[in-house]
Amino acid sequence: MPELPEVEVVRSGIVSHALGRVIESVSVLDERSVRRSDGGSARFEALLPGLKIMDVARRGKYLWLLLGDSAGQLLDEALVVHLGMSGQVLFKTADFPPEKHLKIVLELGAAQESATQLRFIDQRIFGGMYIDTLVETTDSAGASVAAASRSELGAAVLPSSVAHIARDPLDPHFDVAAFRKKMLRTSSGIKRLLLDQSVISGVGNIYADEALWQAKLHYAKPARSVSAAPTRDLILAVQRVMEAALEAGGTSFDYLYVNVNGQSGYFDRSLNAYGQAGKPCKRCLANGISSIMVREPFMGRSSYRCPRCQRKPRGL
DNA sequence: AGCTTAACCTGAGAGC
DNA sequence: TGCTCTCAGGTTAAGC
């Protein structure tokens, strides 16, 4: 479910509710939600109590809590959160009844007039939380860099399980040239590249379709046939749609996506392509032309496009 | 090596 | 009412 804008809404919500607070106790209510964590729930529940939440970072759809010991020393392990298709993070007081799909509860040290539990809720259990070691990476930039110039050159400290994830389009060090290089090395359609988290991260089915609509590209157009200028347009479209969605608090179709206070985002009203099958293409309509949006299967999921301004490439 | 598909889960809605 | 089928914002492991 959640793509970059929704995950970023959650990240900033955790920052405002939990920064500087100490994890007092942990309950894992469903082992499957910590299946990616070494040692399972036993280690998960034993390791976290007493640790302080120092910061919350994100790359693409992954976010992680940086932890400190009682002396404020940063640990080399982080608490990673992935929302999968249906994960939620909510802050609630202990007296609030448990949600139907409540999976993990972190009790937080007292803070004034603020909820004391960080709750992880997940209907489909494709998401989860896990403890992971932080590693240094130089990313696709290439040569390893001196520690002093690290942030400037874009090296990063990431959980090891996130090291293979490319920078996302809102990252100041996102590299359009590297993206284009990968486009030229594949025989895949352009949408497959957009959804490949090791090529560009944070893009899911909604924002891929929105960006392709903005850039007037067909999802199956071979990536290597998209030249330099349209590639820049496409990346700009991804950035614009994600920034607008972030501004609107994300995209919510139902109760499955809400922010940490339980509120929906309202970007669904601004969608031009995703879920718009049977409705007129807004761009064509503005030009006085009638064209009806269609839904088609691609990569085992649905793609939405305008048959007139996102024409099928020849030979497909 | 690169690409495709199946599997992991629960629930909502459509059609019969 | 209740059954079956399809679909859903993601990722990974196994297959060709």
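In what follows, chains carry the letters A, B, and so on, assigned in the order in which the sequence lines appear, proteins first and then strands, with residues in each chain numbered from 1.
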Value in whole Å for how far the [atom2] atom of [N] lies from [atom1] of [X]:
X	N	atom1	atom2	result
A:D254	B:dA12	CG	P	10 Å
A:Y304	C:dG9	OH	P	7 Å
A:Y274	C:dG10	OH	C1'	12 Å
A:E296	C:dT6	CD	P	19 Å
A:L256	C:dC7	CG	P	18 Å
A:L4	C:dG10	CG	P	12 Å
A:L194	C:dG10	CG	C1'	15 Å
A:I121	B:dG11	CD1	C1'	16 Å

What does [X] touch in the nucleic acid at a heavy-atom separation under 4.0 angstrom: a base, only the sugar-phosphate, or nothing?
X	answer
A:Y207	nothing
A:R35	nothing
A:G204	sugar-phosphate
A:F267	nothing

Quiz item: Given the P atoms of C:dA14 and B:dC9, what is the spacing between them in whole Å?
Solution: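 That atom pair is separated by 15 Å.
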Practice problem: Please say which of A:R58, A:Q239, A:R59 ends up in a side chain to side chain donor-acceptor pair (under 3.5 Å) with A:D168. | Solution: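 Of the listed residues A:R58, A:Q239, A:R59, the side chain to side chain donor-acceptor pair (under 3.5 Å) partner of A:D168 is A:R58.
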Practice problem: Please figure out whether A:I125 or A:R192 has its closest DNA chain B nucleotide nearer the 5' end. | Solution: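 That would be A:R192.
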Self-check item: Contact nearer the 5' end of DNA chain B, comparing A:R124 with A:G300
Solution: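 Nearest nucleotide further toward 5': that of A:G300.
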Less than 4.0 angstrom between a side-chain N/O of [X] and OP1 or OP2 of [N], yes or no?
X	N	value
A:K61	C:dT11	yes
A:R32	B:dT10	yes
A:R36	C:dT12	yes
A:S187	B:dC3	yes
A:Q197	C:dT11	yes
A:H101	B:dC9	no
A:S86	B:dT10	no
A:H82	C:dT11	yes
A:K100	B:dT10	no
A:H164	C:dT12	yes
A:S252	C:dG9	no

Salt-bridge present ([X], [Y]; N to O < 4.0 Å):
X	Y	result
A:R240	A:E243	no
A:R32	A:D122	no
A:D209	A:K191	yes
A:E296	A:K312	no

Practice problem: Spell out, yes or no, whether A:L19 and A:L106 are grouped together once hydrophobic residues are joined by side-chain heavy atoms under 4.5 Å, including indirect joins. | Solution: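 In one cluster with A:L19: A:L106, yes.
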Side chain of [X] (C-beta onward), nearest among [options]:
X	options	result
A:R295	B:dT10, C:dC7, C:dT12	C:dC7
A:T186	C:dG9, B:dG11, B:dC3	B:dC3
A:Y62	B:dG11, C:dT12, C:dG9	C:dT12

Quiz item: Between A:Q197 and A:V203, is there a donor-acceptor pair closer than 3.5 Å when you use the side chain of the first and the backbone of the second?
Solution: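 Side chain of A:Q197 to backbone of A:V203: a pair is present.
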Quiz prompt | Under 3.5 Å donor-acceptor pair, A:R301 side-chain atoms to C:dA8 base atoms | solution =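 A donor-acceptor contact between them is absent.
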Practice problem: Indicate whether A:F126 forms a stack on B:dC8; treat it as stacked only if centroid distance is below 5.5 angstrom and interplanar angle below 30 degrees. | Solution: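 Here A:F126 meets both the 5.5 Å and the 30° conditions.
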Quiz prompt | Base paired to B:dC9 (Watson-Crick or G-U; both N/O distances under 3.5 angstrom) | solution =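 In the structure as shown, B:dC9 has no Watson-Crick or wobble partner.
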